[in-house]
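Input: a single structure, listed below in structure tokens.
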Amino acid sequence: MIKQPINLGNSKIKMDYNKMERFIFQILKKNLNSNLHYHGLHHTKEVIENALIIASKENICNEDLLLLKLAALLHDIGFIEIYDGHEEAGCKMAKEILQDYSIDNESIEKICGMIMATKIPQNPKTQLEKIIADADLLYLGTENFNKIGLTLFNELLETKKLKYETEWNKIQVSFLKNHHYHTDYCKNNYSQKKAENLEGVLAWLKENT
């Protein structure tokens, strides 16, 4: 995990992010269902790290960087309550938690906007929303596509969202074709590998159907 210092300057947000991170990690570790092979605590940690990497390339800093980290930290907390519609549940939970940390309403709304930007199909509007949307699905354009995708396949099997590998790979083809990165950094650095990953899935389907 990247521990990137945040200079808040004259920010109206006064909080200990690291303390809150430890608190949320404990909640996720204790309460997330064990069948969330993809959407587990490890995914939250990966999204935080991905968001920081993208943010550094997109020149995000200071208070905006803190808001982004908070959104990444909380973006999947709704899975504690519900699978489908976890983004809306997560926003409600995030508001309650953030208010306890005396985060102002305007900042809370920005964070909730980022959480909702991870909802499929993604439709981010602000730069911060675009960054977290890309951070959430960065693996689509990486060498870890098959490895991470397998964890999602197993999760969908256990939650009875699908039954067969062929069905899964057809979903992957549709998803990859319709997905696009939103930040310039991800467009320039992950689109080509994502296209290669799509070709790999298409080749699997050709051999197995």
Side-chain angles (χ1 to χ4, degrees), residues 1-2 4 6 8-33 36 38-56 58-140 179-183 185-186:
M1 178 71 63
I2 295 175
Q4 184 168 338
I6 300 175
L8 294 179
N10 295 319
S11 170
K12 55 191 172 183
I13 299 178
K14 306 296 181 183
M15 66 170 297
D16 183 342
Y17 169 82
N18 291 329
K19 181 179 180 180
M20 182 176 180
E21 182 181 81
R22 291 192 296 270
F23 172 64
I24 299 301
F25 283 175
Q26 288 174 354
I27 291 176
L28 295 175
K29 185 176 182 180
K30 180 179 179 181
N31 294 287
L32 286 177
N33 196 303
L36 295 177
Y38 174 83
H39 290 105
L41 174 58
H42 62 283
H43 172 70
T44 293
K45 291 179 178 180
E46 288 169 1
V47 173
I48 295 171
E49 185 164 352
N50 291 343
L52 289 176
I53 292 170
I54 300 169
S56 69
E58 297 284 326
N59 299 314
I60 303 299
C61 58
N62 301 329
E63 187 172 306
D64 281 346
L65 186 59
L66 174 59
L67 296 180
L68 178 65
K69 286 184 70 175
L70 288 169
L73 175 65
L74 295 164
H75 85 283
D76 274 349
I77 198 169
F79 274 105
I80 291 173
E81 292 189 352
I82 193 170
Y83 197 98
D84 295 324
H86 66 271
E87 297 91 355
E88 290 83 359
C91 280
K92 183 179 179 180
M93 295 172 71
K95 287 180 180 180
E96 295 174 356
I97 293 169
L98 292 167
Q99 285 170 352
D100 286 342
Y101 279 80
S102 300
I103 307 298
D104 63 281
N105 290 332
E106 181 181 356
S107 296
I108 290 175
E109 289 305 313
K110 288 181 180 179
I111 291 168
C112 283
M114 283 184 268
I115 292 173
M116 292 306 302
T118 65
K119 187 179 179 70
I120 305 300
Q122 294 179 334
N123 186 32
K125 295 178 174 60
T126 69
Q127 184 67 0
L128 292 178
E129 290 175 6
K130 291 177 181 180
I131 290 172
I132 196 170
D134 283 355
D136 195 33
L137 295 177
L138 193 69
Y139 86 97
L140 296 176
H179 171 268
H180 61 273
Y181 290 114
H182 304 279
T183 61
Y185 171 71
C186 289

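As a basis for the values below, the full set of heavy atoms in this structure was taken, side chains included, without hydrogen atoms, waters or symmetry mates. In this chain, numbering begins with 1 at the start of the sequence shown. Everything quoted here is computed from the prediction, not taken from an experiment.
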Item to check | Test side-chain contact (heavy atoms from CB on, under 4.5 Å) applied to Tyr17 and Leu73, step by step | outcome: CA-CA 10 Å; Tyr17 169 82; Leu73 175 65; 4.1 Å; yes
Checklist entry - Is any side-chain N of the basic residue among Lys119 and Glu88 closer than 4.0 Å to the acidic one's carboxylate O? => result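 Glu88 and Lys119: salt-bridged.
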Taking [X] for its side chain and [Y] for its backbone only, find out whether a donor-acceptor pair lies under 3.5 Å.
| X | Y | answer |
| --- | --- | --- |
| Asp134 | Thr183 | yes |
| Gln122 | Ala133 | yes |
| Tyr181 | Leu138 | yes |

Would you say that [X] contacts [Y] through its side chain, given a criterion of any heavy-atom pair below 4.5 Å between the two side chains?
| X | Y | answer |
| --- | --- | --- |
| Lys19 | Arg22 | yes |
| Leu74 | Met93 | no |
| Ile97 | Ile77 | yes |
| Asp136 | Asn50 | no |
| Thr126 | Lys110 | no |
| Lys130 | Ile54 | no |
| Asn33 | Tyr83 | no |

Checklist entry - Between Phe79 and His86, what is the ring plane arrangement, given parallel below 30°, perpendicular above 60°, and tilted in between? => result parallel
Next on the checklist: Once side-chain contact (heavy atoms from CB on, under 4.5 Å) is applied, do any residues pair with Asn123, and if so which ones, sequence neighbours excluded?
Outcome noted: Lys125
Going from [atom1] on [X] to [atom2] on [Y], what distance comes out if it is rounded to the nearest 0.5 angstrom?
| X | Y | atom1 | atom2 | result |
| --- | --- | --- | --- | --- |
| Tyr139 | Tyr38 | OH | OH | 5.0 Å |
| Leu52 | Ile60 | CG | CD1 | 11.5 Å |
| Asp100 | Phe23 | CG | CZ | 8.0 Å |
| His75 | Leu70 | NE2 | CG | 13.5 Å |
| Glu49 | Thr44 | CD | OG1 | 13.0 Å |
| Ile24 | Asp76 | CD1 | CG | 12.5 Å |

Item to check | Sequence-distant partners of Glu58, side chain to side chain donor-acceptor pair (under 3.5 Å), two or more places apart | outcome: Gln127
Item to check | Those residues that, when tested against Glu109, pass side chain to side chain donor-acceptor pair (under 3.5 Å) (two or more places apart) | outcome: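 Result, side chain to side chain donor-acceptor pair (under 3.5 Å) vs Glu109: none returned.
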Next on the checklist: Would Leu128 and Ile132 count as a side-chain contact (heavy atoms from CB on, under 4.5 Å) here? Give the steps.
Outcome noted: CA-CA 6 Å; Leu128 292 178; Ile132 196 170; over 6 Å; no
Taking all heavy atoms of [X] and all of [Y], pick out the closest pair and write down the distance.
| X | Y | value |
| --- | --- | --- |
| Ile103 | Ile108 | O-CD1, 3.4 Å |
| Leu32 | His39 | CD1-O, 3.8 Å |
| Ala55 | Leu65 | CB-CD1, 3.8 Å |
| Val47 | Ala72 | CG1-CB, 4.0 Å |

Next on the checklist: Quick one, Met20 with Lys69, criterion side-chain contact (heavy atoms from CB on, under 4.5 Å). Give me CA distance, side-chain angles, the key distance, then yes/no.
Outcome noted: CA-CA 11 Å; Met20 182 176 180; Lys69 286 184 70 175; over 6 Å; no
Checklist entry - Are Leu137 and Ile120 close enough, and set up right, to give a side-chain contact (heavy atoms from CB on, under 4.5 Å), and what steps lead you there? => result CA-CA 10 Å; Leu137 295 177; Ile120 305 300; 3.9 Å; yes
